[in-house]
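One structure is given below, encoded as structure tokens.
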There are 2 protein chains.
Amino acid sequence: MSLKPTDSELEILHYLWKEGPGTVRQVHEYLAATKEAGYTTTLKLMQIMHEKGLLQRSEEGRSHIYTAGVSEEETQQTLLDRFVETTFRGSAARLVMQALGNHKASQEELDEIRKLLNDIENNR
Amino acid sequence: MSLKPTDSELEILHYLWKEGPGTVRQVHEYLAATKEAGYTTTLKLMQIMHEKGLLQRSEEGRSHIYTAGVSEEETQQTLLDRFVETTFRGSAARLVMQALGNHKASQEELDEIRKLLNDIENNR
DNA sequence: TTACATCTACGAAAATCTTCGTAACAAACG
DNA sequence: CGTTTGTTACGAAGATTTTCGTAGATGTAA
């Protein structure tokens, strides 16, 4: 799966990943809460995403119910790989360090990361 | 500085960050090593980057010497912030964990990350 | 029934990014 | 001197993404 959602498409996927299946109307109202956008703009985007396979849909009366056609993890991994490549020249560690150095993480998250480090070392 | 270089622009910046100031010819040959591209394509890109402030340039005889107009760290940080926002809903920790899950780091890098974790905990 | 609201489909404009052909100019070469 | 080579400038075509207007269909209310 090397589909690469655009930023606009990602916003739509985020809604569906978080809230589950929904209509164009629901997605549109979610988007409209944070940005200007016409209803048909959202509709068209979702139609195109459906053509690309990013969304699946089923008929429900006279409207459609859309579902994410790609998983959140898989998509994030694809985008992450690409991002590491283009922005950090392939060095995931540099990305991690820059991210840690400039963002706040909770104690639980830090513990989680440390545990991951241990797992990685033990499993090779 | 909220300039957002495109992927093509990043490739040019990478050359200049790594090799220092250079001509269109030098950048073009660097790019041509890994992808198809006409000389005037590279030229045009660099002219536009100059207009945007991404590159600075000085006359040198009949050609121009270009220099990166933005720092590597600053640019990576800007792109990282944006990427965390759009792809990981603002959770840097999730990005870090997903990046680590990919097992792409060496032992030295893992040690470095662990040290960073310690520093973060000690400094709050 | 008629008018209105809501939905899909679709074409096309707008915006952005990428690519390249052509012109103009100057240096180097024969 | 004239020709070739290497450079910038510039316009425009292509590609992709985003936006939206309009038409057609169907349900809903008066």
Side-chain angles (χ1 to χ4, degrees), chain A residues 2-16 21-67 70 75 78-79 82-83 86-87, chain B residues 2-16 21-67 70 75 78-79 82-83 86-87:
Chain A
S2 61
L3 287 180
K4 201 216 172 199
T6 65
D7 287 355
S8 296
E9 290 172 341
L10 260 185
E11 293 185 285
I12 290 172
L13 285 170
H14 276 305
Y15 174 86
L16 297 173
T23 62
V24 174
R25 175 66 54 188
Q26 291 171 315
V27 170
H28 175 64
E29 262 152 31
Y30 168 74
L31 296 183
T34 56
K35 68 187 254 191
E36 284 289 307
Y39 176 81
T40 54
T41 300
T42 305
L43 171 66
K44 181 68 164 184
L45 256 178
M46 291 175 73
Q47 285 172 341
I48 290 173
M49 289 172 75
H50 178 241
E51 282 172 20
K52 291 186 191 173
L54 286 171
L55 299 184
Q56 294 176 340
R57 73 185 189 187
S58 61
E59 310 255 341
E60 181 74 19
R62 114 190 100 120
S63 74
H64 289 145
I65 305 283
Y66 285 86
T67 313
V70 291
T75 303
T78 300
L79 293 174
R82 196 185 167 95
F83 182 72
T86 59
T87 303
Chain B
S2 62
L3 287 179
K4 202 214 172 202
T6 65
D7 287 356
S8 296
E9 290 172 341
L10 261 185
E11 294 186 284
I12 290 172
L13 284 170
H14 277 304
Y15 174 86
L16 296 173
T23 62
V24 174
R25 174 68 51 191
Q26 290 171 315
V27 170
H28 175 64
E29 263 152 31
Y30 169 74
L31 296 184
T34 57
K35 68 188 250 192
E36 283 290 307
Y39 176 82
T40 55
T41 300
T42 304
L43 171 67
K44 180 69 166 183
L45 256 177
M46 291 176 72
Q47 285 171 342
I48 290 174
M49 290 172 75
H50 178 242
E51 281 171 21
K52 291 186 188 172
L54 285 171
L55 299 185
Q56 295 176 340
R57 73 184 189 188
S58 61
E59 310 257 341
E60 181 74 22
R62 119 192 92 124
S63 74
H64 289 144
I65 304 283
Y66 285 85
T67 314
V70 293
T75 302
T78 299
L79 292 174
R82 196 184 166 95
F83 182 70
T86 59
T87 303

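Sequence lines set the chain letters: A, B, ... in the order given, protein chains first and strands last, and positions in each chain run from 1.
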Under 3.5 Å, N/O pairs linking protein and nucleotides 20-23 of chain D:
from    : atom 1 : to       : atom 2 : distance (Å)
dC20(D) : OP2    : Gly38(A) : N      : 3.1
dC20(D) : OP2    : Thr41(A) : OG1    : 3.3

Fill in the blank from the handout: Value for NZ (Lys35(B)) from OG (Ser8(B)), rounded to nearest 0.5 Å, stands at 4.0 Å
Handout entry: Heavy-atom pair of closest approach, residues Gly53(B) and Leu3(B)
Key = C-CD1, 4.4 Å
Practice task
Heavy atoms only: give me the nearest Gly22(A)-Leu16(A) pair and the separation to one decimal.
Solution key: N-CD2, 3.7 Å
Problem - Leu45(A) CG - dC10(C) P separation (whole Å) - result: 17 Å
Exercise for the section: Starting from P on dT19(C), measure out to CG on Asp7(B) and report it in whole angstrom. Expected result: 11 Å
Handout entry: Separation of dT22(C) P from Tyr39(B) OH (nearest whole Å)
Key = 18 Å
Exercise for the section: Write down the distance between CD (Glu60(A)) and C1' (dT26(D)), rounded to a whole number of angstrom. Expected result: 15 Å
Handout entry: Distance, rounded to the nearest Å, where Met46(A) contributes CE and dC10(C) contributes C1'
Key = 17 Å
Practice task
Report yes or no: is there a donor-acceptor pair, N or O only, under 3.5 Å between the side chain of Arg62(A) and the base of dT6(C)?
Solution key: yes
Exercise for the section: Would you please classify the geometry between the Tyr39(A) ring and the His28(A) ring as parallel, tilted or perpendicular, with 30° and 60° separating the classes? Expected result: perpendicular
Handout entry: Whole-Å gap separating P (dC7(C)) and CZ (Arg57(A))
Key = 15 Å
Practice task
Would you please confirm or rule out a distance under 4.0 Å between OP1 or OP2 of dT17(D) and any side-chain N or O of Thr6(A)?
Solution key: no
Handout entry: Backbone of Gln26(B) reached by a side-chain donor or acceptor of Thr23(B) within 3.5 Å
Key = yes
Practice task
Tell me which nucleotide among dT8(D), dT17(D), dT18(C) gets nearest to the side chain of Ser63(B).
Solution key: dT8(D)
Handout entry: Mutual orientation of the aromatic rings belonging to His50(B) and Tyr66(B) [parallel < 30°, tilted 30-60°, perpendicular > 60°]
Key = perpendicular
Fill in the blank from the handout: Closest to the side chain of Lys35(A), out of dC7(C), dT8(D), dT19(D), is dT19(D)
Exercise for the section: Taking only the side-chain nitrogens and oxygens of Gln47(A), find out if one of them lies under 4.0 Å from OP1 or OP2 of dA9(C). Expected result: yes
Problem - Flag, side chain of Thr6(A) to backbone of Glu9(A), donor-acceptor distance under 3.5 Å - result: yes
Exercise for the section: Output yes when at least one side-chain N/O atom of Thr23(B) is less than 4.0 Å from OP1 or OP2 of dT7(D), else no. Expected result: no
Exercise for the section: Find the distance Ile48(A):CD1 to dA12(C):P and express it as a whole number of Å. Expected result: 15 Å
Handout entry: Length of the NE2-P vector between His64(A) and dC7(C), whole Å
Key = 12 Å
Handout entry: From dT17(D), dC17(C), dC7(C), nucleotide with atom closest to Lys52(A) side chain
Key = dT17(D)
Exercise for the section: Give the nucleotide from the list dG6(D), dC17(C), dA9(D) with an atom nearest to the side chain of Leu43(B). Expected result: dA9(D)
